[in-house]
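Quick caveat: nothing in here was measured; it's all calculated off a predicted structure.
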Amino acid sequence: MKVDKSMMVPAGDQNCYEYLIDCTKGYGHDYKAMQHMDACYMRSEILHDIDCFAAYAVHGLGLKKGDVYTVFMPTTVQSIISFYALNKIGVIVNFVHPQLPPEVLREALTDCRSKGVMILDILSKDYAQVINESGLPCIVCSSSDYASPIKTAACRAGEALIKVIFPKIKNRTAYKDAIKMYQPEEGITGNADDIAVYLNGGGTTGKSKTIMLTSRAINELACRVSKLDRIHDTGEEAEIIVLPLFHCFGLCVGIHMAMCNAARIIPLMQFDAKLFNKLMRKNKVIAIVGIPVMFKKLLKSKDFDGPWLKNIRMMFCGGDDCSDNFLDEFNAVLEKNGAPGKLRQGYGLTEVGSVCTVNSNWEYRRGSIGWPLEGVDVRIWNDDHQEVPDGEVGEIVISGPTIMSGYYHADGTTDGLYTDENGVKWVLSGDLGYRDPTPDPESGKRYFYFSGRKKRVIIISGYNIYPTDIEKKLQDNFAYIKNCCLVKGFDENGKMILRLYADLRESGDKAVFEREMISFIEKNFSRFSVPREVIFMDKLPETPLMKIDFMRLTQKTPADPVVA
């Protein structure tokens, strides 16, 4: 079915489930909407399982509007279905990273007063005790739930072994049984402004915060991003989704936008470059949603470069910064194979539904993070909440229909938004940037630029140092640098210094590399920005969301150990 771009349903007073149904009316039910390994499922089959799971949640679990349910899952057919099913009945979905320590799961279940939990059987070993002690009912999912008949037997053999080896979850129901117990029925309607999900921030600056997003915010984000490009041929054009639903970018752009845009979704539980490339060769993959580390691994893999890339039209990269050199290298491979899409920089955070500024295939400025999505207001403020002149660095602040409702706290309080004198609510990003003083001569747009984390500003002798600027320029100018991270440290006398950590793409004389890097910083930045030490590592530490964990490398006091 060929789809006209004007068919996208505007976001209104629907919850996410209602919005999905409204979009379905334009595309129909009879196309391949989801693929698990080599098994494809029609839109009608997916909607039927969503409705049946919602009925089970009501009658089997006793869930009602306003309750919270925890999905402790990677990206699977079941986790996607659970989101829409629980949203249909007004239940808040608490998405939690499925590889966090057991005690973190315990805390998440307790703090949000969860009424149950969903888990994948192969991940349940370390969490059975916590789930059993919570007394909560648990839905256990298996790979065989949506496997093709050819692979079901193999999957079930593995599941039988899991039941023998893994500790048993007592109050458990198999997902495949849950969706067969009750017939579909009506859900909650018109509750777009109710909280739909709890999402945890990246936690790179300390304890992560639980962010509350409404259905309206998620729908508005999906609608706006979809205007950049659309699915043209339903059932045939596919998107591989690796980012998990606990990652806002994965939920709002990877899943919800793609589902409402009539793509055939191919969810993967974890990123594997070899499998990813295999799927691109066998399917008409037109969009990739990911984070920088994923795209770097794809480019490095031997099977990535090929004629199948000609299908790529949409590229969405979020979660961290990309160097211009890497973007050039990646896009050169796409261009060589005739792909109309390009990997471009954008900017966003969970508090604004994941995306607020973008560069498109046809309008972009090198080095920038693009311009705001339609209806989203982005400004640069000083510490007094006043807008600064174009070209001057300040805090990036965002307002509009996609922003969060606030941070959730176990005591019922919320915070996280600044309300100005006109009653407009703003997200204070904690990130620094500036707006180009010179508008684009063709579009008239003023592009925005990212300068680094506000909390990563290092002050030495009263001088502000922006590590992200230095890191980005180093990576742009030295191809042998894979990743680098500039942090605060202390010397043997307790004096504050800068320390640069780096991992390398290639072997070589590290003493030479160090001299080149130091010399470059000396020539291009103030003397206060020059690191006293350079430490090379095999791999820089990462957060659970695969960002460089600068907090682990930072010495807060002279007594802290130096990571080497």
Do any N or O atoms from the side chain of [X] and from the backbone of [Y] form a donor-acceptor pair under 3.5 angstrom?
{"X": "Glu18", "Y": "Gly190", "value": "yes"}
{"X": "Asn219", "Y": "Gln14", "value": "yes"}
{"X": "Gln475", "Y": "Lys482", "value": "yes"}
{"X": "Asn331", "Y": "Leu343", "value": "yes"}
{"X": "Thr210", "Y": "Leu199", "value": "no"}
{"X": "Asn15", "Y": "Ile188", "value": "yes"}
{"X": "Asn477", "Y": "Lys473", "value": "yes"}
{"X": "Thr402", "Y": "Val352", "value": "yes"}
{"X": "Ser429", "Y": "Ile396", "value": "yes"}
{"X": "Ser443", "Y": "Asp440", "value": "no"}

In sequence, state the C-alpha distance, the side-chain angles, and the governing distance for Tyr31 and Glu236, and then conclude on side chain to side chain donor-acceptor pair (under 3.5 Å). CA-CA 8 Å; Tyr31 70 90; Glu236 294 302 318; over 6 Å; no
Where do Asp51 and Tyr17 land on the side chain to side chain contact (heavy atoms under 4.5 Å, CB included) test, with the steps shown first? CA-CA 10 Å; Asp51 291 338; Tyr17 170 82; 2.6 Å; yes
Would you call [X] and [Y] a side-chain contact if the rule is heavy atoms closer than 4.5 Å?
{"X": "Glu392", "Y": "Asn382", "result": "no"}
{"X": "Thr76", "Y": "Cys141", "result": "no"}
{"X": "Val397", "Y": "Tyr418", "result": "no"}
{"X": "Leu251", "Y": "Val197", "result": "yes"}
{"X": "Thr419", "Y": "Val424", "result": "no"}
{"X": "Phe326", "Y": "Leu299", "result": "yes"}
{"X": "Val91", "Y": "Lys65", "result": "no"}
{"X": "Ser405", "Y": "Leu213", "result": "no"}

Could you measure the distance from the [atom1] atom of [X] to the [atom2] atom of [Y]? Nearest 0.5 Å is fine.
{"X": "Phe450", "Y": "Ile369", "atom1": "CZ", "atom2": "CD1", "answer": "7.5 Å"}
{"X": "Ile240", "Y": "Asn277", "atom1": "CD1", "atom2": "CG", "answer": "8.5 Å"}
{"X": "Tyr198", "Y": "Met212", "atom1": "OH", "atom2": "CE", "answer": "6.5 Å"}
{"X": "Asn337", "Y": "Phe304", "atom1": "CG", "atom2": "CZ", "answer": "8.5 Å"}
{"X": "Lys342", "Y": "Leu334", "atom1": "NZ", "atom2": "CG", "answer": "6.5 Å"}
{"X": "His36", "Y": "Leu268", "atom1": "NE2", "atom2": "CG", "answer": "10.0 Å"}

Under 4.0 Å between a side-chain nitrogen and a carboxylate oxygen: does that hold for [X] and [Y]?
{"X": "Glu542", "Y": "Lys547", "answer": "no"}
{"X": "Arg43", "Y": "Asp30", "answer": "no"}
{"X": "Asp194", "Y": "Arg216", "answer": "no"}
{"X": "Lys472", "Y": "Asp324", "answer": "yes"}
{"X": "Asp305", "Y": "Lys336", "answer": "yes"}
{"X": "Glu237", "Y": "Arg313", "answer": "yes"}
{"X": "Arg446", "Y": "Asp436", "answer": "no"}
{"X": "Glu374", "Y": "Lys227", "answer": "yes"}
{"X": "Asp303", "Y": "Lys274", "answer": "no"}

For [X] and [Y], test the side chains for any donor-to-acceptor distance below 3.5 angstrom and give the result as yes or no.
{"X": "Asn191", "Y": "Ser215", "result": "no"}
{"X": "Thr70", "Y": "Asn94", "result": "yes"}
{"X": "Tyr84", "Y": "His256", "result": "yes"}
{"X": "Asn359", "Y": "Tyr447", "result": "no"}
{"X": "Gln78", "Y": "Asp145", "result": "yes"}

List the steps and the verdict of side chain to side chain donor-acceptor pair (under 3.5 Å) for Tyr408 and Asp415. CA-CA 8 Å; Tyr408 169 83; Asp415 60 12; over 6 Å; no
State, to 0.1 Å, how close Ile255 and Leu245 come at their nearest heavy-atom pair, and which atoms those are. CG1-CD1, 3.9 Å
Closest heavy-atom contact between Ser226 and Asn261? CB-ND2, 4.3 Å
Side chain to side chain contact (heavy atoms under 4.5 Å, CB included) assessment of Ile288 paired with Ile312: CA-CA 8 Å; Ile288 303 177; Ile312 299 294; 3.9 Å; yes
Residue Tyr364 excluded, over 12 heavy atoms near OH under 6.0 Å: no
Verdict with supporting geometry, Tyr434 and Phe448, ring pair (Phe, Tyr, Trp, His ring centres under 6.0 Å): CA-CA 6 Å; Tyr434 63 94; Phe448 284 81; 9.1 Å; no
Do [X] and [Y] make the cut of ring centroids closer than 6.0 angstrom?
{"X": "Tyr347", "Y": "Trp371", "value": "no"}
{"X": "Tyr146", "Y": "Tyr41", "value": "yes"}
{"X": "Phe295", "Y": "Phe330", "value": "yes"}

Pair Leu243, Val253 - check side chain to side chain contact (heavy atoms under 4.5 Å, CB included), show working. CA-CA 10 Å; Leu243 291 183; Val253 177; over 6 Å; no
Evaluate the salt bridge (Lys or Arg N to Asp or Glu O under 4.0 Å) criterion for residues Lys425 and Asp420: first the C-alpha distance (whole Å), next the side-chain angles of each, then the deciding distance (0.1 Å), finally the verdict. CA-CA 7 Å; Lys425 295 184 183 298; Asp420 67 18; over 6 Å; no
Is there a side chain to side chain contact (heavy atoms under 4.5 Å, CB included) between Phe95 and Phe83 once you walk through the steps? CA-CA 9 Å; Phe95 285 112; Phe83 164 65; 3.9 Å; yes
